[in-house]
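Below, chain A is the first sequence line, B the second, and so on; all start at residue 1.
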There are 2 protein chains.
Amino acid sequence: MHFRKTTEYAIRVMVFLAENAGKRFSVNALNKTLDIPYKYLGRLMNQLAQKGLVEVTQGKYGGYLVNADRLSEIYLYQIVDAVEGLQDYDRCILGFPQCSDENPCALHHLWMEQREAIKNMLYSNSLADLLKNNFSRR
Amino acid sequence: MHFRKTTEYAIRVMVFLAENAGKRFSVNALNKTLDIPYKYLGRLMNQLAQKGLVEVTQGKYGGYLVNADRLSEIYLYQIVDAVEGLQDYDRCILGFPQCSDENPCALHHLWMEQREAIKNMLYSNSLADLLKNNFSRR
DNA sequence: TTTAATTACCACCTTTCGGTGGAATATACA
DNA sequence: TGTATATTCCACCGAAAGGTGGTAATTAAA
């Protein structure tokens with residue numbers, strides 16, 4: 001049970017940029033402080049920029065940033081969605097296509113509960129919430 | 001956020017064998033009812049047998065089974081552990097090696113809570129619990 | 001206008017996971 | 001003891017995820 005490595009990278013970068021909101025960082029700088037492979041990180045940042053999660057400026061002294069006034073608009077689920085998608089949260093763990101609340105597999109209720117809890121966490125916490133250490137549990 | 005496909009296969013097989021406890025099934029039979037690739041399933045069953053989660057008999061009329069009196073001894077965590085391991089449940093999601101309750105990363109508390117909930121689910125539900133539709137939440 | 005620092009893009013490499021093929025071995029039973 | 005039906009084992013294949021290298025495009029500033 002885990003997020004993809006890429007997802008962890010994405011969250012790591014976004015949290016860092018949030019902590020330093022308004023400041024611009026080159027991939028080089030991010031690579032040095034965040035321990036994510038340079039080239040891979042470059043591609044990831046590009047992806048996050050295209051999804052609108054970070055602002056980018058090209059050329060010399062360019063780089064990526066998150067504006068302070070956007071912190072409360074960027075939620076964890078958007079970061080996860082940008083890199084690995086959210087499909088996994090609606091599949092039966094036993095792979096039964098007809099699995100539902102009415103026709104549940106042996107793990108349905110159990111599994112639903114966990115999935116919903118994680119979903120809730122992702123949907124109810126913005127970068128601002130994380131910084132405030134003001135985590136929303138539901 | 002997801003289990004490996006192999007883990008889903010393993011759970012699927014174990015639940016099926018639990019529902020038919022005491023009956024022996026060849027890989028061929030399991031393959032037909034469970035929609036898991038024949039050869040891959042063979043290897044998986046072998047793995048589960050070696051970990052002691054199923055009983056195996058070789059040769060003609062051989063196959064795999066779970067004894068009814070073991071249903072309450074086999075927990076979900078053992079199945080997960082047998083195929084993908086349990087390491088992931090103790091790593092910082094932001095990859096900070098020094099992350100701990102005392103020195104938490106921005107997601108520590110939030111993430112801990114989810115992980116612990118999943119762990120609890122895996123550690124407190126045996127095959128017997130699943131069959132009873134008597135899921136234990138903690 | 002040149003240079004340096006940067007992102008963007010494209011192709012490829014490596015590792016891991018999921019999946020396949022084939023032969024060796026085991027076993028029940030006719 | 002022969003045969004059919006199993007598991008076991010080993011090597012390989014293919015796809016996806018993670019990671020690298022090189023070059024073109026962009027931009028600030030000397």
Are OP1 or OP2 of dT5(D) and a side-chain N or O of Asn28(B) less than 4.0 angstrom apart? no
Considering just the side-chain nitrogens and oxygens of Tyr38(A), establish if one lies under 4.0 Å of OP1 or OP2 belonging to dG22(D). no
If only side-chain N and O atoms of Thr6(A) are considered, is one of them under 4.0 Å from the OP1 or OP2 phosphate oxygen of dG18(D)? yes
Can you tell me if the side-chain N/O atoms of Lys5(B) get under 4.0 Å from OP1 or OP2 in dG19(C)? yes
Would you indicate, yes or no, if dG18(C) has its OP1 or OP2 atom less than 4.0 angstrom from a side-chain nitrogen or oxygen of Gln47(B)? no
I need the CG-C1' distance between Asp35(B) and dG18(C), as an integer number of Å. 14 Å
dG21(D) P sits how many Å from Asn31(A) CG, rounded? 13 Å
Taking only side-chain nitrogens and oxygens of Tyr61(B), does any of them come within less than 4.0 Å of OP1 or OP2 of dT7(D)? no
Check ion pair Lys5(A)-Glu8(A) (N to O, under 4.0 angstrom): no
Is Gly63(A) touching bases, backbone alone, or none of the nucleic acid, heavy atoms closer than 4.0 Å? sugar-phosphate
Candidate nucleotides dT27(C), dT20(C), dG22(D), ranked by approach to the side chain of Lys39(A) - the nearest: dG22(D)
Side-chain heavy atoms of Glu55(B) within contact of Val66(B), under 4.5 Å: no
Using the rule given for side-chain hydrogen bond (donor to acceptor under 3.5 Å, both in side chains), can you reason through Ser126(A) versus Asp129(A), listing the C-alpha separation, both sets of side-chain angles and the distance that settles it, and then say yes or no? CA-CA 5 Å; Ser126(A) 67; Asp129(A) 296 321; 3.1 Å; yes
Looking only at side-chain N and O atoms, does Tyr40(A) come under 4.0 Å of OP1 or OP2 in dG18(D)? yes
Would you say a side-chain N or O of Asn46(B) is under 4.0 Å from OP1 or OP2 of dT8(D)? yes
Separation of Glu84(A) atom CD from dA17(D) atom C1', in whole Å? 12 Å
Tyr64(A) side chain near dT6(C) phosphate (N/O to OP1/OP2, under 4.0 Å): no
Rounded to whole angstrom units, what separation is found between the CZ atom of Phe3(B) and the C1' atom of dC17(C)? 17 Å
Selected nucleotide, minimal atom distance to Lys60(A) side chain, candidates dT27(D), dA4(D), dT20(C): dT27(D)
With distance as the sole test, does Arg4(B) use its side chain to make a donor-acceptor pair with the main-chain N or O of Glu84(B) at under 3.5 Å? no
What is the distance from CG of Leu65(B) to C1' of dA6(D), rounded to the nearest Å? 14 Å
Nearest-Å distance, CZ (Arg4(A)) to P (dC17(C))? 12 Å
Given the rule in the side chain to side chain contact (heavy atoms under 4.5 Å, CB included) test, do Asn125(B) and Leu110(A) qualify, once you have shown the distances and angles that lead to the verdict? CA-CA 9 Å; Asn125(B) 283 283; Leu110(A) 221 45; 3.6 Å; yes
Could you check how far CD of Glu55(A) sits from P of dT7(C), rounded to whole Å? 15 Å
Starting at the 5' end of DNA chain C and moving along, which residue's nearest nucleotide shows up first, Gln50(A) or Gly59(A)? Gly59(A)
Ring centers of Tyr64(B), Phe25(B) separated by less than 6.0 Å: no
Determine whether a donor-acceptor pair (one donor, one acceptor, N or O, separation below 3.5 Å) exists between the side chain of Arg43(A) and the base of dT7(C). no
Look at Gln58(A) and dA24(D) and indicate whether a side-chain polar atom (N or O) is within less than 4.0 Å of OP1 or OP2. no
Can you tell me how far P of dC9(D) sits from CE of Met45(B), to the nearest Å? 15 Å
